[in-house]
Structures are given as structure tokens and as C-alpha cells.
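Comments concern the structure below.
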Amino acid sequence: QVQLVESGGGLVQTGGSLRLSCAASERIANRWTVAWFRQTPGKEREFVAAVRRIGGYQYYADSVKGRFTVSRDNAKNTLSLQMAGLNADDTGVYYCAATGTEILSSIRDARSYTYWGQGTQVAVSS
């Protein structure tokens with residue numbers, strides 16, 4: 001069982017940047033595929049970005065590609081999400097999640113993830 005704790009959320013203006021961090025309680029490299037999802041009221045959790053368990057390959061939702069960068073620090077067992085060019089559609093609660101799978105078709109599916117953090121709020125104001 002891995003525990004995940006997110007930090008770094010807050011209020012930012014449109015066009016601004018924000019960096020989220022997720023601290024894992026154990027080693028994640030080669031053990032867990034870790035991802036960021038986000039959710040707004042009344043909607044399902046939406047895939048944002050992920051780092052694959054083996055190889056550290058990165059995957060992004062089309063809506064954030066080119067604006068967000070996901071990275072994994074193997075020494076610190078952390079997952080980060082650098083967000084730039086933020087807009088109102090990026091508002092939501094951002095969750096860090098972990099799964100043992102590295103099947104490409106499953107990485108973007110929230111149902112594949114077993115462990116979740118408590119979430120951190122990101123609000124983008126115009």
C-alpha cells in the first residue's frame with residue numbers, strides 16, 4: 001500500500017503558472033505508475049498526466065499537452081506537475097494516484113488506480 005500526499009494548489013490568474021507535488025510513502029520508480037487526475041463538481045475524474053511505472057514514459061491529456069509537464073523524482077519519491085498557461089477550464093481538485101499497471105489503455109482510466117491522495121484545489125480566476 002502506498003500513501004500519497006498532494007501539495008501546491010492555490011488561486012492563480014488566467015495565464016499564470018502553478019506547480020503541484022505528490023509525495024509518496026515508498027519508492028515509485030519501477031513499482032507504480034503514477035498520475036494526476038482532476039475533478040470538478042458534477043463531473044467524473046479526468047485524466048491529466050501520468051508517468052509510466054517502467055521507463056518513466058510520460059503521457060498527457062490533449063487538453064494540457066504543451067502546457068503541463070509531469071515529472072518523477074526517483075530519489076525523493078515524488079511526482080510533480082508543472083502547469084503553465086492556466087485557464088478557467090483547469091480549475092478543479094487535482095488528485096495524485098498510483099496503480100501497478102503499465103498497460104497503455106489503462107493508464108488514462110481512473111478505474112485502474114488503486115491508491116489516491118486527498119486532493120489539492122486549483123482555482124484559476126479571469
Side-chain angles (χ1 to χ4, degrees):
Q1 180 174 341
V2 59
Q3 295 178 331
L4 305 167
V5 179
E6 303 96 335
S7 61
L11 176 64
V12 64
Q13 291 186 332
T14 297
S17 300
L18 207 58
R19 184 178 180 87
L20 305 182
S21 293
C22 172
S25 60
E26 62 179 54
R27 180 171 62 89
I28 53 178
N30 299 322
R31 184 174 292 181
W32 302 104
T33 289
V34 284
W36 289 99
F37 287 80
R38 64 188 180 190
Q39 189 171 27
T40 53
K43 294 187 177 181
E44 295 184 353
R45 287 187 184 182
E46 173 191 21
F47 171 78
V48 176
V51 177
R52 197 172 171 186
R53 181 169 66 96
I54 295 177
Y57 299 104
Q58 301 162 359
Y59 302 90
Y60 297 93
D62 288 342
S63 59
V64 306
K65 200 172 296 183
R67 299 188 299 122
F68 290 11
T69 301
V70 65
S71 59
R72 183 182 72 188
D73 188 322
N74 295 338
K76 297 181 179 179
N77 296 324
T78 58
L79 181 74
S80 297
L81 185 69
Q82 180 67 48
M83 305 184 292
L86 288 163
N87 58 61
D89 290 338
D90 297 316
T91 292
V93 178
Y94 282 68
Y95 295 92
C96 179
T99 176
T101 189
E102 56 172 6
I103 300 173
L104 293 182
S105 60
S106 299
I107 287 176
R108 299 171 185 265
D109 189 344
R111 296 170 298 179
S112 301
Y113 289 79
T114 305
Y115 302 106
W116 293 84
Q118 82 288 351
T120 186
Q121 177 73 52
V122 172
V124 183
S125 65
S126 57

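On a predicted model such as this, the values are computed, not experimentally measured, just so you know.
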How would you list, by chain and number, every residue that makes a salt bridge (charged side-chain N to carboxylate O under 4.0 Å, His left out) with [X], sequence neighbours excluded?
X: R31; value: E26
X: R67; value: D90
X: D73; value: none
X: K43; value: none

**Report entry** Partner residues of V51 under the side chain to side chain contact (heavy atoms under 4.5 Å, CB included) criterion, sequence neighbours left out
**Finding:** V34, Q58, V70, R72, L79
Query raised in the report: Who are the side chain to side chain contact (heavy atoms under 4.5 Å, CB included) partners of V93, not counting sequence neighbours?
Result: Y95, Q121
Query - Same apolar cluster (I L V M F W Y, side chains within < 4.5 Å links), L20/V12 - result: yes
Query raised in the report: Cluster question for you: counting only ILVMFWY and a side-chain heavy-atom cut-off of under 4.5 Å, with indirect links fine, are V124 and V64 together?
Result: yes
If I compare all heavy atoms of [X] with all of [Y], which pair ends up nearest, and what's the gap?
X: N77; Y: R27; value: OD1-CA, 3.2 Å
X: L81; Y: A49; value: CD1-CB, 4.2 Å
X: A24; Y: L4; value: CB-CD2, 3.9 Å
X: E6; Y: G119; value: OE1-N, 2.9 Å
X: R45; Y: A110; value: CB-CB, 4.5 Å
X: G55; Y: N30; value: N-OD1, 4.4 Å

Requested in this report: Find out whether S21 and K76 are in side-chain contact, i.e. whether some heavy atom of one side chain is under 4.5 Å from a heavy atom of the other.
Outcome: no
Requested in this report: Indicate yes or no: at least one non-hydrogen side-chain atom of Q82 is less than 4.5 angstrom from one of S71.
Outcome: no
Report summary line: So ring-ring contact (aromatic ring centres under 6.0 Å, His included) across residues 46-84, not counting sequence neighbours, yields F37-F47
Report task. Look up atom CD1 in I103 and atom CZ in R52, then write down how far apart they are to the nearest 0.5 Å. Result -> 9.5 Å
Query raised in the report: Distance from I28 atom CD1 to N74 atom CG, nearest 0.5 Å?
Result: 7.0 Å
Query - Residue pairs, two or more places apart or on separate chains, that pass disulfide bond (SG atoms under 2.5 Å apart) and touch residues 38-94 - result: none
Report summary line: So the disulfide bond (SG atoms under 2.5 Å apart) pairs with at least one residue in residues 78-126 (sequence neighbours excluded) are C22-C96
Requested in this report: Give a yes or no on this: more than 12 heavy atoms of other residues, nucleotides or ligands lie within 6.0 Å of atom CD of Q3.
Outcome: no
**Report entry** side-chain hydrogen bond (donor to acceptor under 3.5 Å, both in side chains) partners of Y113, counting only residues at least two apart
**Finding:** none
Report task. Quick one: which residue pairs count as a side chain to side chain donor-acceptor pair (under 3.5 Å) with a foot in residues 99-108, not counting sequence neighbours? Result -> none
Query - Donor-acceptor contact present, side-chain R53 to main-chain G100, <3.5 Å - result: yes
**Report entry** Non-neighbouring partners of W36 that pass ring-ring contact (aromatic ring centres under 6.0 Å, His included), sequence neighbours left out
**Finding:** none
Report task. May I have the step-by-step check of side chain to side chain contact (heavy atoms under 4.5 Å, CB included) for M83 and V122, ending in yes or no? Result -> CA-CA 11 Å; M83 305 184 292; V122 172; 4.0 Å; yes
